[in-house]
Amino acid sequence: MYKETHNKSGKNVSIIQRAHKGRKLLFGITAVCTMALTMLAGCGNNEKTDTAYGEKKEKVEVNIGYFPNVTHAQALVMKNEGTLEEAFGEDASVNWTSFNAGPAEVEAIFAGDIDIGYIGPVPAINANVKSDGDVRILTGATQAGSIMIKRADSDIESVADLAGKNVAIPQMGNTQHLCLLALLEENGLKPVTDGGTVNVAAVANADVGNMLAQGNIDAALVPEPWGATLLDQGAELLLDENQVFMEGDYSVAVVVVRKEFEEAHPEIVEAFLKAHDEATEAINDNLNEKTQVMNEEIYNATSKKLDEALLTEAFSRIKVDSAINKASIDRFVEIGLSQNFISEKPKDNLLDEK
């Protein structure tokens, strides 16, 4: 009933057989097109690509270190407000880690656990030296913010009176310690460890008040907001922030970056710097509002809030500034070398002087 034709070999091939072959060919073409459309549709999903072939671009994890302290003002504000998450967008995720001491943060940087870190200038200098230049100062954060206080019943009236006294600093080799060493030298004094008469001891900021009350220490050189806190608890001011070191024109916190991370992700570092500068400007323009944000973030990290009056007093001695204070960094290097807290001069890349 079907019309037949002949192929080249002379065999009969029915029209229906040809129809079956046509349907198979059509099905194969349809399947290929469907697969192609599916692949193209996949290119429009939420995964980032960085080549024309649709290879996945991995989201960068940015690990940032900071102290829950007002001298790390920009970090507190940006963490609380999610500034960096917004600045990086889909390109990166942000992990914040808080530290209580510079050496612990430096070790985390060396281990690659921290990429960008808010830290004191002296630990930053040490990190550059010990890492052979793999850690450098990216930008400034805050200036000044340290005072020297004394026990209320002490007979100390000046730095010269510290002879034979016990003086506390937060850590050996940190920013306040080097400021103290400079003060002692200027007044013809030395620590006991260098053959002098001033006993210098590392005391956690939170313990200074008790040790003053017990008579175990006579004076202390501390950063804010501990200065304002200790004054509120009955200690007396011996030197204000502009008398401690370089007339108050010195770095108390900077930002460092790992060379490997910066070279691998320059666009992330640039975005961070822009956000950091904007946070600096916002703090200076709206200090009352932003100190409340900082206080909230300090509470998130420590379960304690600072008295608002003390916070206001602390910021009367702190300058929030993203400029790198090269003169003070150079002076810290000089003191560190002379006191053997730094083994050699920092590498040429220590400061970002673009």
Nearest heavy atoms of [X] and [Y], plus distance in Å:
| X | Y | answer |
| --- | --- | --- |
| Met148 | Leu183 | CE-CD1, 4.2 Å |
| Pro68 | Ala301 | CB-CB, 3.8 Å |
| Met246 | Ser328 | SD-CA, 3.6 Å |
| Leu178 | Gly336 | CD2-N, 3.8 Å |
| Leu351 | Arg136 | C-NH1, 4.0 Å |
| Leu231 | Leu237 | CD2-N, 3.5 Å |

Notebook entry, point to check: Who pairs with Gln214 by side chain to side chain contact (heavy atoms under 4.5 Å, CB included), at least two apart in sequence or on another chain?
Noted result: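 Partners of Gln214 under the side chain to side chain contact (heavy atoms under 4.5 Å, CB included) test: Asn210, Asn216.
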Among residues two or more places apart or on two chains, list those pairs meeting ring pair (Phe, Tyr, Trp, His ring centres under 6.0 Å) that have a residue in [range].
| range | result |
| --- | --- |
| residues 197-243 | none |
| residues 167-203 | His177-Phe341 |
| residues 238-260 | Phe245-Tyr250, Phe245-Phe332 |

Note to self: Go through it in stages, so that I can follow the logic: the residues are Lys305 and Glu296, the test is salt bridge (charged side-chain N to carboxylate O under 4.0 Å, His left out), and I'd like the CA-CA distance, side-chain angles, deciding distance and then a yes or no.
What the structure shows: CA-CA 7 Å; Lys305 274 192 175 183; Glu296 182 179 331; 5.9 Å; no
Set of side chain to side chain donor-acceptor pair (under 3.5 Å) partners for [X], sequence neighbours left out:
| X | value |
| --- | --- |
| Tyr66 | none |
| Glu260 | Arg258 |
| Asp249 | Asn325 |
| Asn199 | Asn166 |

Next item on the list: State the OG1-CG distance between Thr291 and Leu310, to the nearest 0.5 angstrom.
Entry: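 With rounding to 0.5 Å, OG1 (Thr291) is 12.0 Å from CG (Leu310).
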Note to self: Name the residue from Ile268, Thr139, Val257, Val255 that meets the side chain to side chain contact (heavy atoms under 4.5 Å, CB included) definition with Leu273.
What the structure shows: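 Output: one option passes, namely Thr139.
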Check: Hey, what's the ring geometry for Phe261 with His265, parallel, tilted or perpendicular (30° and 60° as the breaks)?
Finding: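 Judged by the thresholds at 30° and 60°, the geometry between Phe261 and His265 is tilted.
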So, using salt bridge (charged side-chain N to carboxylate O under 4.0 Å, His left out) as the criterion, who are the partners of [X] when residues are at least two apart?
| X | value |
| --- | --- |
| Arg331 | Glu334 |
| Asp240 | Arg317 |
| Glu81 | Lys290 |

Note to self: Looking at Asp161 and Glu157, would you say the former's side chain and the latter's main chain have a donor-acceptor pair under 3.5 Å?
What the structure shows: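 At least one qualifying donor-acceptor pair exists.
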Item checked: Pair Ile298-Leu76, side chain to side chain contact (heavy atoms under 4.5 Å, CB included): steps then yes or no -> CA-CA 7 Å; Ile298 289 172; Leu76 295 175; 3.9 Å; yes
Notebook entry, point to check: With sequence neighbours left out, what residues match Phe315 under ring pair (Phe, Tyr, Trp, His ring centres under 6.0 Å)?
Noted result: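 Phe315: no ring pair (Phe, Tyr, Trp, His ring centres under 6.0 Å) contacts found.
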Next item on the list: Check whether the side chains of Asn295 and Gln292 place a donor and an acceptor atom closer than 3.5 Å, and report yes or no.
Entry: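 Looking only at side-chain atoms, Gln292 and Asn295 do not form any donor-acceptor pair under 3.5 Å.
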Item checked: Polar side chain donor-acceptor pair, Gln74 to Thr280, under 3.5 angstrom ->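 A pair is found: one side chain offers a donor N or O, the other an acceptor, under 3.5 Å apart.
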Next item on the list: Let me see the working for Asp91 and Val60 under side chain to side chain contact (heavy atoms under 4.5 Å, CB included), right down to the final yes or no.
Entry: CA-CA 6 Å; Asp91 293 332; Val60 179; over 6 Å; no
Next item on the list: Report the C-alpha distance between Lys319 and Thr142 in whole Å, list the side-chain angles of each, state the deciding distance to 0.1 Å, and finish with yes or no for side chain to side chain contact (heavy atoms under 4.5 Å, CB included).
Entry: CA-CA 6 Å; Lys319 180 182 179 183; Thr142 52; over 6 Å; no
Note to self: What verdict does the side chain to side chain contact (heavy atoms under 4.5 Å, CB included) test give for Ile318 and Thr71, after you've listed the backbone C-alpha separation in whole Å, the side-chain angles of each residue and the deciding distance to 0.1 Å?
What the structure shows: CA-CA 7 Å; Ile318 298 170; Thr71 55; 4.3 Å; yes
Note to self: Run the salt bridge (charged side-chain N to carboxylate O under 4.0 Å, His left out) test on Lys347 and Asp132 for me, step by step, so that the C-alpha distance in whole Å, both residues' side-chain angles and the decisive distance to 0.1 Å come before the verdict.
What the structure shows: CA-CA 7 Å; Lys347 305 305 174 185; Asp132 197 29; 3.2 Å; yes
Check: How far apart are the C-alpha atoms of Asn128 and Asn349, what are their side-chain angles, what is the distance that settles it, and do they pass the side-chain hydrogen bond (donor to acceptor under 3.5 Å, both in side chains) test?
Finding: CA-CA 9 Å; Asn128 176 267; Asn349 74 334; 3.2 Å; yes
Next item on the list: Step by step, work out the side-chain hydrogen bond (donor to acceptor under 3.5 Å, both in side chains) result for Asp218 and Ser154.
Entry: CA-CA 7 Å; Asp218 304 294; Ser154 169; 5.3 Å; no
Margin query: Under the criterion salt bridge (charged side-chain N to carboxylate O under 4.0 Å, His left out), I'd like the reasoning laid out for Lys345 against Asp330: C-alpha separation, chi angles, the key distance, then a yes or no.
Written below: CA-CA 10 Å; Lys345 287 186 177 181; Asp330 289 344; over 6 Å; no
